[in-house]
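Just below is one structure, and these are the notes that go with it.
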Amino acid sequence: MAGPKYRSPRGTADILPEEQPYWRFVLETAGTMAELYGYRRIDVPLFESADLYIRGVGEATDIVQKEMYIFADRGGDRMALRPEFTAGVCRAYLQHGMAHWPQPVKLWTAGPVFRYDRPQRGRYRQFHQFNYEAIGELDPWLDAEVIDLAWRFYGRLGLKDLTLELNSIGDGKCRPAYREALRAYYRPLVDRLCPDCRARLERNPLRLLDCKEPTCWALAEAAPRSVDYLCDECREHFAGVQDWLGRYGVPYRLNHRLVRGLDYYTKTVFEIQPPRQGAQAALGGGGRYDGLIEELGGKPTPGVGFATGIERVILELKEQGVALPDRKVPMVFVAYTGEATRLAAAEVVGRVRAAGLIGVHAFGSRSLKAQLRLADGLGADYAVILGEEEYRQGQVVLRDLASGRQETITLEAALNRIRS
Ligand code: AMP
């Protein structure tokens with residue numbers, strides 16, 4: 001049999017009803033945690049001027065080089081679907097004069113992002129992130145607070161055995177020397193690098209450190225380490241972050257190969273890894289981006305943020321068998337037994353819903369047996385059966401569909417019984 005003519009595009013997915021409880025759980029937890037740390041929600045457009053991301057994320061990054069969905073709109077402007085949130089949020093910070101708000105401005109957001117990536121498990125072309133961004137403060141305490149928030153978010157979801165990896169990649173003052181040291185280290189080894197790394201060596205040598213190709217991986221082990229090239233300011237900042245993390249009681253592991261794939265990061269970078277590591281496995285990550293706002297045309301303004309991929313978090317929740325909080329609203333199926341009660345069913349189902357219960361029924365005109373089969377298929381918890389005679393006397397039959405037990409009582413009493 002031929003399949004359907006249209007399918008969702010490669011790298012995208014329908015989020016079916018049975019998946020939605022996971023999404024709600026993750027997003028509600030993200031929102032609750034955001035509030036507890038003083039973050040307020042912002043939403044930015046799904047697409048912006050492509051130039052914003054090219055400047056923000058960086059010309060030399062994989063995202064800009066090969067993953068952005070770029071299109072000319074009908075007016076001829078070059079737009080891009082957002083490949084991440086930080087550039088858009090920083091654009092909003094500038095556009096709305098948030099530099100005049102109390103600093104740091106703490107914002108969070110969530111929604112789909114788009115990258116023309118090679119789809120595989122945990123890697124899609126349309127995926128969903130939520131982000132925390134704190135803009136306008138240099139204090140390493142803030143880096144640690146963002147990391148603490150990220151760490152406790154996963155903890156609150158019930159995920160276990162995660163690893164927090166931490167590094168500092170310096171800033172505009174000290175990174176050039178480090179990049180040069182990396183190039184000097186890799187140039188004699190260039191024949192052993194994978195084609196991607198060979199191409200990246202001159203324009204983006206930091207990325208060679210996290211290449212997953214076995215030979216590149218092995219070569220990176222002995223490569224110069226960014227922490228050995230930090231200027232005094234960056235070294236002090238990094239020590240401060242670790243100090244504050246200790247105060248928050250957040251465990252971390254230094255990872256000298258952690259560099260992140262976006263150009264805007266300065267100083268602190270971090271990632272959260274699930275227990276079984278594989279290529280592209282990071283659940284989430286982030287870092288400081290002190291140069292980004294200036295790059296976008298604003299006054300020099302520091303910032304730090306964190307993003308997590310919601311699909312990956314859900315995969316991990318399933319992998320770890322985390323049970324979702326049970327918040328089931330009882331479902332009540334209203335069944336009729338004849339024409340008069342069929343006509344009365346709309347009012348009864350309305351009262352069920354007004355009582356805060358899920359009210360469903362069969363359409364058309366079906367036998368009681370067919371209706372109860374439908375109730376079963378829908379997963380209803382109770383049936384309220386409207387018998388012609390009982391209904392005239394103000395009574396209904398309440399059947400508990402799990403136990404099969406039933407009683408004849410008033411609708412009012414039935415609704416109270418179900419709610420209690
Ligand atoms: P990044 O914006 O690259 O720092 O990614 C932040 C997080 O988004 C990652 O840790 C993943 O959880 C998630 N992520 C990144 N790329 C993808 C993708 N192609 N598909 C699904 N999740 C992704």
Side-chain angles (χ1 to χ4, degrees), residues 8-13 15 19 22-23 26-27 29-30 44 52-53 56-58 60-69 80-90 108-133 146-147 149-151 153-154 157 159 162-167 169 204 206-207 210-212 255 257-266 268-289 292 303-319:
S8 58
R10 195 161 125 78
T12 71
I15 306 170
E19 287 291 309
Y22 282 98
W23 287 77
V26 172
L27 283 165
T29 305
V44 294
L52 171 73
Y53 303 118
V57 176
T61 60
D62 284 353
I63 292 178
V64 167
Q65 292 267 320
K66 19 182 220 207
E67 295 172 6
M68 258 205 316
Y69 280 85
L81 298 184
R82 62 186 180 204
E84 58 101 56
F85 278 110
T86 308
V89 172
C90 287
W108 79 281
T109 189
V113 292
F114 306 86
R115 293 182 195 173
Y116 193 79
D117 217 332
R118 197 158 38 82
Q120 52 187 277
R121 184 183 154 83
R123 216 206 281 182
Y124 315 100
R125 290 181 175 170
Q126 173 174 323
F127 61 101
H128 298 72
Q129 283 189 343
F130 71 82
N131 273 54
Y132 300 116
E133 310 286 357
V146 169
I147 295 171
L149 164 56
W151 184 249
F153 157 73
Y154 296 112
L157 287 176
L159 291 176
L162 306 183
T163 310
L164 170 63
E165 301 192 333
L166 184 69
N167 195 16
I169 54 170
N204 202 0
L206 266 69
R207 284 313 300 278
D210 71 350
C211 178
K212 303 292 190 296
N255 176 0
R257 316 167 68 125
L258 179 59
V259 293
R260 312 281 297 135
L262 298 81
D263 268 1
Y264 50 62
Y265 287 114
T266 53
T268 316
V269 288
F270 65 96
E271 265 180 12
I272 286 97
Q273 302 286 349
R276 295 151 317 284
Q277 294 204 5
Q280 305 295 324
L283 285 178
R288 186 164 268 287
Y289 45 84
L292 177 55
V304 49
F306 161 72
T308 193
I310 299 176
E311 286 85 351
R312 284 198 200 166
V313 169
I314 291 175
L315 282 172
E316 191 58 28
L317 285 170
K318 291 180 178 172
E319 189 84 35

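On a predicted model such as this, the values are computed, not experimentally measured, just so you know. When a ligand or atom number is given, it counts from 1 through the structure's own listing order. Residues: numbered from 1 along the sequence shown.
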One residue to check: R125. Relative to ligand 1, which of side chain, backbone, both or neither has a non-hydrogen atom less than 4.0 Å away? neither
At a non-hydrogen distance cut-off of under 4.0 Å, which region of Q129 contacts ligand 1 (side chain, backbone, both, or neither)? side chain
Could you check which of R115, R118, E84 puts a non-hydrogen atom nearest to atom 3 (O) of ligand 1? R115
For G309, take its heavy atoms, then give the atoms of ligand 1 lying under 4.0 Å from any of them. 7 (C), 8 (O), 11 (C), 12 (O), 13 (C)
Element-labelled atoms of ligand 1 that are located less than 4.0 Å from some non-hydrogen atom of G284: 10 (O)
Tell me whether K66 forms a cation-pi arrangement with Y116, defined as NZ or CZ under 6.0 Å from the six-membered ring centre and within 45 degrees of its axis. no
After noting the C-alpha distance and the side-chain angles of F270 and F306, does the key distance pass the side-chain contact (heavy atoms from CB on, under 4.5 Å) rule? CA-CA 9 Å; F270 65 96; F306 161 72; 3.6 Å; yes
At under 4.0 Å between heavy atoms, is it the side chain or the backbone of F127 that contacts ligand 1, or both, or neither? side chain
Determine, using ring centers only, whether Y53 and Y69 are less than 6.0 Å apart. no
Structural part of R312 in contact with ligand 1, heavy atom criterion under 4.0 angstrom: side chain
Non-hydrogen atoms of H128 versus ligand 1: any pair closer than 4.0 Å? no
If we ignore angles and hydrogens, is there a donor and acceptor under 3.5 Å between the side chains of Y264 and T86? yes
Closer than 4.0 angstrom, basic N to acidic O: yes or no for R257 and E271? no
Would Y132 and V304 count as a side-chain contact (heavy atoms from CB on, under 4.5 Å) here? Give the steps. CA-CA 8 Å; Y132 300 116; V304 49; over 6 Å; no
Show the atoms of ligand 1 that are less than 4.0 angstrom away from any heavy atom in D117. 19 (N)
Do the side-chain N and O atoms of E133 and Y289 include a donor-acceptor pair separated by under 3.5 angstrom? yes
Option set Q126, R260, R121, E316, criterion heavy-atom distance to atom 4 (O) of ligand 1, minimum: R260
Pairs of nitrogen or oxygen atoms closer than 3.5 Å, one from Y265 and one from ligand 1: do any exist? no
Proximity to ligand 1 by part of L283, non-hydrogen separation under 4.0 Å: backbone
Run the salt-bridge test on R123 and E67 with the 4.0 Å N-O cut-off and return the result as yes or no. no
Does E311 reach ligand 1, in the sense of a heavy atom lying below 4.0 Å from it? no
Residue pair Y124, R312: steps toward the side-chain contact (heavy atoms from CB on, under 4.5 Å) verdict: CA-CA 10 Å; Y124 315 100; R312 284 198 200 166; 5.7 Å; no
Just distances here: any N/O of A282 and N/O of ligand 1 closer than 3.5 Å? yes
